[in-house]
There are 2 protein chains.
Amino acid sequence: MKKTTIHDIARELNITFSTVAKALNDHPRIAAATKEAVREMAIKLNYQQNKLASSLRSGRTGIVGVLVPTLDVSFFSSVVHGIETVMNENGYNILLYQSKEIYEDEIRGVDTFLQTRVEGIISSVALSTKNYDHFIDLKKRKIPLLMFDRTVDEIGVPYVRIDDYGGGFMATEHLIKQGCKRIVHISTDQQVEIFKERLRGYKEALLKYGLPIDESLIFYGNLSIELGKNCIKKLVDEKVDFDGVFAFEDYTGLGALKELKDLKINVPEQVKVIAFANEAFGAHITPSMSTVDQQTVKMGEEAARLFLKLIKENKYYENAPEQIILDPILIQRESSQ
Amino acid sequence: MKKTTIHDIARELNITFSTVAKALNDHPRIAAATKEAVREMAIKLNYQQNKLASSLRSGRTGIVGVLVPTLDVSFFSSVVHGIETVMNENGYNILLYQSKEIYEDEIRGVDTFLQTRVEGIISSVALSTKNYDHFIDLKKRKIPLLMFDRTVDEIGVPYVRIDDYGGGFMATEHLIKQGCKRIVHISTDQQVEIFKERLRGYKEALLKYGLPIDESLIFYGNLSIELGKNCIKKLVDEKVDFDGVFAFEDYTGLGALKELKDLKINVPEQVKVIAFANEAFGAHITPSMSTVDQQTVKMGEEAARLFLKLIKENKYYENAPEQIILDPILIQRESSQ
DNA sequence: ATGAAAGCGCTAACAC
DNA sequence: GTGTTAGCGCTTTCAT
């Protein structure tokens with residue numbers, strides 16, 4: 001069963017294939033009756049336009065490559081959800097590639113997109129990537145590239161992320177306003193910009209409210225529930241005085257919360273806790289955990305919208321790269337009130 | 001800056017483009033030296049093969065369409081993660097489409113895939129879909145279709161899902177073994193096979209252990225936290241006696257848990273609760289919620305592997321549709337112990 | 001071992 | 001309002 005082409009439709013109707021093509025594309029100079037007949041026959045013959053041929057000829061594929069570390073982290077899948085939704089509304093389709101946080105796979109993804117002739121790429125960079133030539137190369141080839149969340153200034157392309165500094169500041173300020181004087185910050189030793197920014201926000205908030213920056217209250221480890229637990233254990237073991245905890249992300253905050261509960265330290269009465277990310281579980285645990293929301297779906301939607309706006313103007317790289325910084329949202333729950 | 005083609009490489013090397021094409025495709029009858037020269041020149045000129053042209057000519061795109069209700073639910077994003085991982089390892093790329101649970105969008109997705117000439121489609125059907133002609137049509141066109149999780153027997157294609165009946169049985173049996181005699185089941189009125197199967201498992205378990213099937217203990221509503229709350233409210237309002245709750249999915253189970261807590265009914269002492277899906281929050285709430293794990297990433301990987309196996313044999317629809325039924329895993333937590 | 005030539009299914013400029 | 005024609009950049013068969 002060969003697939004139906006415009007030639008098949010043309011033969012059935014005794015017209016030429018080029019008339020069929022124009023009719024299907026709603027060309028103005030084709031008679032209404034012809035269009036009608038062509039459309040009917042197209043349906044009758046189960047015609048489906050061959051986008052490969054159309055794209056090859058026209059130079060437009062209507063495909064955008066989305067390159068993310070993994071879909072198995074709700075942050076990324078939510079962003080991709082937002083991207084696909086907006087792109088789809090605007091007639092674009094998404095080719096998906098996961099880098100698995102591996103530099104070489106990221107390069108492979110970019111190459112695949114190039115070969116597929118995507119009209120642009122939306123990406124968040126892998127943690128292991130230190131060299132950005134594959135992204136800079138896209139810019140040289142004039143392929144629109146837009147980054148989100150894990151952005152890299154050196155690449156010099158438009159991007160969308162949240163204000164991690166502001167989020168860190170906001171979280172810390174919230175604890176201070178709730179009366180905390182000795183606030184612990186649990187961070188990470190991974191060299192990722194966004195986590196450093198949260199730390200910077202923490203420090204600035206302390207400064208602004210005249211509280212000392214006490215390095216013995218700042219911890220660095222690997223993102224995990226265990227990290228949160230261990231930090232609390234250590235603080236209590238060493239009889240360090242503290243009345244607030246700002247964890248750099250939710251799982252670490254959860255660990256802190258669990259350990260405090262195990263040690264019968266009341267939250268929020270004795271120690272107030274806030275984290276970062278607004279993962280699904282935070283609203284449902286006891287006590288519910290305060291956090292900072294990253295507007296993940298909106299980040300994807302905004303990324304798609306900015307991308308569409310810029311390619312429509314047809315001068316993607318001609319102006320200084322536009323950047324959207326989304327506001328983090330303070331989510332106040334039981335753990336900090 | 002026009003893109004480099006095999007003609008450009010041919011011109012530089014004073015050979016014909018057809019030799020270049022063969023060299024790049026590692027054709028056996030091309031001299032090693034020629035291949036080497038062609039490859040060098042390809043790199044020098046930043047050549048990237050145009051897959052549109054290649055696909056148009058060869059009839060192979062190397063693209064598989066993945067059609068899911070949404071990526072904003074961890075179940076689906078995990079499965080897609082598994083699918084992409086295995087497909088990528090085997091040289092295929094993923095075109096992504098979200099149906100948003102809307103029948104019309106599902107049809108649009110299938111049409112898009114058809115036009116893009118995907119080599120097959122992996123899909124989970126939208127809740128609002130009642131007519132499956134768009135899927136059956138794929139079969140008629142001999143486009144490989146593989147379904148996962150929300151499968152429909154009427155379509156008659158290979159699929160991967162978990163044993164929802166077994167999972168429902170397992171969950172109910174667990175409550176019975178924990179001493180429950182009057183077990184509520186909260187289900188849905190949506191006509192989805194997997195949910196009916198969980199209900200069937202519930203009933204069979206009751207039968208096996210000599211417990212009566214009491215229709216006043218079975219509820220039907222729309223998947224939501226509210227559904228769980230309302231059912232508990234109603235049971236208590238009407239003074240119905242019950243000591244166990246098996247919710248058909250985690251959010252409904254969470255609602256039940258919350259309402260029981262609000263009504264000061266102790267879990268698990270007075271009422272034991274188990275749900276289904278193993279969403280991330282279940283392990284971290286208080287009490288932690290027992291549930292049934294669906295092996296989401298594995299489901300995606302198995303779906304991809306089965307798909308690849310079947311298309312390799314080149315007789316996708318010639319045998320009775322192969323089916324893989326994964327085993328559900330009972331996750332015992334505080335809410336049912 | 002390389003080249004010549006046809007054609008995948010469409011778009012788009014140009015004729016009539 | 002419809003038809004003719006020339007490709008888009010490849011794969012693939014056949015010839016040399």
Side-chain angles (χ1 to χ4, degrees), chain A residues 1-39 41-42 45-63 91 111-112 114-119 141, chain B residues 1-39 41-42 45-63 91 111-112 114-119 141:
Chain A
M1 189 172 78
K2 282 269 302 85
K3 289 195 173 79
T4 306
T5 72
I6 48 176
H7 294 91
D8 299 321
I9 298 175
R11 195 181 329 106
E12 291 293 319
L13 297 174
N14 273 312
I15 53 181
T16 62
F17 75 96
S18 109
T19 304
V20 173
K22 283 174 197 144
L24 289 171
N25 290 322
D26 209 18
H27 189 106
R29 295 197 299 205
I30 296 291
T34 310
K35 285 182 185 173
E36 188 52 35
V38 167
R39 272 177 211 144
M41 188 56 70
L45 300 180
N46 287 314
Y47 173 75
Q48 289 282 5
Q49 185 197 45
N50 186 331
K51 281 200 181 178
L52 296 170
S54 157
S55 298
L56 175 61
R57 182 60 238 246
S58 69
R60 292 200 58 255
T61 55
I63 296 178
D111 276 348
T112 301
L114 247 21
Q115 295 173 354
T116 312
R117 300 297 193 257
V118 297
E119 294 185 27
R141 291 174 187 262
Chain B
M1 189 172 75
K2 281 271 299 88
K3 290 197 173 76
T4 306
T5 73
I6 48 176
H7 293 92
D8 300 320
I9 297 175
R11 197 179 330 105
E12 292 291 320
L13 297 173
N14 274 313
I15 52 179
T16 61
F17 74 97
S18 110
T19 303
V20 173
K22 282 174 197 145
L24 290 171
N25 290 324
D26 208 20
H27 188 105
R29 296 201 296 207
I30 295 292
T34 310
K35 284 183 186 173
E36 189 52 36
V38 167
R39 272 178 211 141
M41 187 56 70
L45 300 180
N46 287 314
Y47 174 74
Q48 290 282 5
Q49 185 196 45
N50 186 331
K51 281 200 180 178
L52 296 170
S54 152
S55 299
L56 176 61
R57 184 59 237 251
S58 70
R60 291 199 59 254
T61 55
I63 297 178
D111 277 346
T112 301
L114 248 21
Q115 294 174 354
T116 311
R117 300 297 192 256
V118 297
E119 292 184 30
R141 291 174 186 262

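Since the structure is predicted, the reported quantities are computational estimates derived from the model, not experimental observations. Order of the sequence lines fixes the chain letters, A, B, ..., with proteins taken first and strands second; residue numbering starts at 1 for each chain.
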Contact class for [X] (heavy atom, under 4.0 Å): base, sugar-phosphate, or nothing?
{"X": "A/A21", "answer": "base"}
{"X": "A/L52", "answer": "nothing"}
{"X": "A/T34", "answer": "sugar-phosphate"}
{"X": "A/T5", "answer": "sugar-phosphate"}
{"X": "A/S18", "answer": "base"}

Check [X] against [Y] and note the closest heavy-atom contact, atom names and distance.
{"X": "B/L24", "Y": "B/A42", "value": "CD2-CB, 4.3 Å"}
{"X": "B/R117", "Y": "A/Q48", "value": "NH2-O, 3.1 Å"}
{"X": "B/T61", "Y": "A/L52", "value": "CG2-CD1, 3.6 Å"}

d([atom1], [X]; [atom2], [N]) in whole Å:
{"X": "B/Q49", "N": "D/dG9", "atom1": "CD", "atom2": "P", "result": "13 Å"}
{"X": "B/Q48", "N": "D/dC8", "atom1": "CD", "atom2": "P", "result": "20 Å"}
{"X": "B/R60", "N": "D/dC10", "atom1": "CZ", "atom2": "C1'", "result": "15 Å"}
{"X": "B/I15", "N": "C/dA1", "atom1": "CD1", "atom2": "P", "result": "14 Å"}
{"X": "A/F17", "N": "C/dG9", "atom1": "CZ", "atom2": "P", "result": "12 Å"}
{"X": "A/I6", "N": "D/dT2", "atom1": "CD1", "atom2": "P", "result": "15 Å"}
{"X": "B/L45", "N": "D/dG9", "atom1": "CG", "atom2": "P", "result": "15 Å"}
{"X": "A/H27", "N": "C/dT11", "atom1": "NE2", "atom2": "P", "result": "12 Å"}

query: From C/dT2, D/dC10, C/dC10, pick the nucleotide closest to the side chain of B/I30?
result: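 Among the listed nucleotides, the one closest to the side chain of B/I30 is C/dT2.
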Options D/dT2, C/dA6, C/dT11, nucleotide nearest the side-chain atoms of A/R29: D/dT2
- prompt: If you pin B/R117 and B/A31 to their nearest nucleotides in DNA chain C, which one's is more 5'?
  reply: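 By nearest-heavy-atom nucleotide position, the 5'-most residue is B/A31.
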Should [X] be listed as having a side-chain N or O under 4.0 Å from OP1 or OP2 of [N]?
{"X": "A/N25", "N": "C/dT11", "answer": "yes"}
{"X": "B/T19", "N": "C/dG3", "answer": "yes"}
{"X": "B/K2", "N": "D/dG9", "answer": "yes"}
{"X": "B/T16", "N": "C/dG3", "answer": "yes"}
{"X": "B/K22", "N": "D/dT13", "answer": "no"}

message: Tell me whether the side-chain N or O atoms of A/R57 pair up with the base of D/dG7 as donor and acceptor below 3.5 Å, since no angle test is needed here.
response: yes
field: Close side-chain approach of B/R60 and B/E119, heavy atoms under 4.5 Å
entry: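 Of all side-chain heavy-atom pairs linking B/E119 with B/R60, at least one is under 4.5 Å.
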message: Is the shortest side-chain heavy-atom distance between B/V38 and B/I15 below 4.5 Å?
response: yes
query: Under 3.5 Å, is there a donor-acceptor pair between the side chain of B/R141 and the main chain of A/N46?
result: yes
